[in-house]
Each structure stands twice: as C-alpha cells, then as structure tokens.
Amino acid sequence: MKKIAIATLIAMAATAASAMEFGVTTTSDYSNVDKRAGYGFTVGQSYGKLSATAGVERFTKGENDQDRYSVVGGYEVAKVGPATVAVKTGVAYLNNQVGSNGYALTVGAGASVPVTKQLSVGVDVERQYGQERVSQFDGNRVAVGLKYKF
C-alpha cells in the first residue's frame, strides 16, 4: 500500500512540474480533395523535451464535412533564438459526414515562439497517410495556433 501511495505522489509531482497547455488552431488541408480550412482546439502536456497533445478539428467544404480527432507526440530537437523546433508523429481518426471513416498516421515538425510566459504562437506542418478508405485525405496540413500554459 505504501508503494502505491509513494508512486502516486511521484506521478502527481511529475505532472505538476510539467506544463499543461490549451490551444486553439486554424488549419489548411492540402490533401487530394480540394483545399479545406479547419479550426479546432488542443490539450497538451510537456515532459521536458517530450510532449503529448490531443486535438479535435472540424473541416467544412462542399458536401463532406469532417471531424478529425488526433493524438500527437513531439520531441524538441532545437532551439533557434526564442523559437523551439520539434519533430512530431501521431495518429488521427477521420470521421466523415459522407463516405467511410478511418485512421491516419501523421508525421511532421512544428515551431513554437513564446509571446508571454503563458502564451505562445505555433505553426505545425505535417504529412498525413490514411487507410485506403480515407486515403483521399492524404496530403500536407499546415496549422497555426495559440497555446496557453498553466
């Protein structure tokens, strides 16, 4: 019982020491379908150079609106002036209004620049590779957003 209590305290201390952040994004999707614009929000946690982010985005254009749910891991590789550069990889679930739903793998990079101690501006560029049933959404994506750290 003591071991569980000690492990719980260590986990809570590690989580409290890391930065939780909430963000809003706007996205341009350059997939095999027409260029689409999207918007969404993210919730993330940083653990030193590692980060994990969950996001929800909404794309609307034409007849096929799409909700995109993603989980992305990142690793900081460089610091250029105030900007932090990270490589990222993740998975996404594409929930389409018309047609099949499916999963996609994402790989990319992102840069973040602090504006204040809690607020930062970021840009992410990623490539998406989906299952065959959602492969029409394969392509590049660019997201720009604001994040607030707690």
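- For Tyr39, the ring-ring contact (aromatic ring centres under 6.0 Å, His included) criterion is met by no residue, not counting sequence neighbours.
- Just one of Leu94, Asp29, Asn140 meets the side chain to side chain contact (heavy atoms under 4.5 Å, CB included) condition when paired with Gln128; it is Leu94.
- Taking OG of Ser28 as the reference point, atom CZ of Arg36 lies at 11.0 Å (rounded to 0.5 Å).
- Tracing side-chain contacts under 4.5 Å through hydrophobic residues (I, L, V, M, F, W, Y), one never reaches Val56 starting from Val24; they form parts of separate clusters.
- In this structure, Ser46 OG and Lys147 NZ are separated by 7.5 Å, a value rounded to the nearest 0.5 Å.
- Heavy-atom contacts from other residues, nucleotides or ligands closer than 6.0 Å to NZ of Lys117 number 12 or fewer.
- Note on Val85: it clusters hydrophobically with Leu50, by side-chain heavy-atom contacts below 4.5 Å among ILVMFWY residues.
- Expressed to the nearest 0.5 Å, how far CG of Asn95 lies from CG of Asn101 amounts to 4.5 Å.
- Using a 3.5 Å distance cut-off with no hydrogens or angles, the side chains of Arg58 and Gln66 do not pair a donor with an acceptor.
- In terms of modelled atom types and a separation under 3.5 Å, the side chain of Gln131 and the main chain of Tyr103 share a donor-acceptor contact.
- A donor-acceptor contact under 3.5 angstrom links the side chains of Thr27 and Glu57, judged on distance only.
- Checked by atom type and distance alone, the side chain of Asp138 pairs as donor or acceptor with a backbone atom of Gly130 at under 3.5 Å.
- Under the 3.5 Å distance criterion, the side-chain polar atoms of Arg68 are left unmatched by any main-chain donor or acceptor of Tyr93.
- Heavy-atom contacts from other residues, nucleotides or ligands closer than 6.0 Å to NZ of Lys88 number more than 12.
- Under the 4.5 Å side-chain heavy-atom criterion for ILVMFWY residues, a single connected hydrophobic cluster contains both Val43 and Tyr148.
- Taken together through direct or relayed side-chain contacts under 4.5 Å among Ile, Leu, Val, Met, Phe, Trp and Tyr, Val113 and Val123 form parts of separate hydrophobic clusters.
- The shortest distance between side-chain heavy atoms of Asn96 and Val134 falls below 4.5 Å.
- Between Asp124 atom CG and Arg141 atom CZ the span is 9.0 Å, to the nearest 0.5 Å.
- The closest side-chain heavy-atom distance from Tyr30 to Val142 is below 4.5 Å.
- With sequence neighbours left out, Tyr69 forms a ring-ring contact (aromatic ring centres under 6.0 Å, His included) with no residue at all.
- When every heavy atom of Pro82 is checked against every heavy atom of Lys79, the shortest pair comes out as O-NZ, 4.0 Å.
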**OP:** List the steps, then state whether side-chain contact (heavy atoms from CB on, under 4.5 Å) holds for Phe22 with Thr42.
**Re:** CA-CA 6 Å; Phe22 293 96; Thr42 61; over 6 Å; no

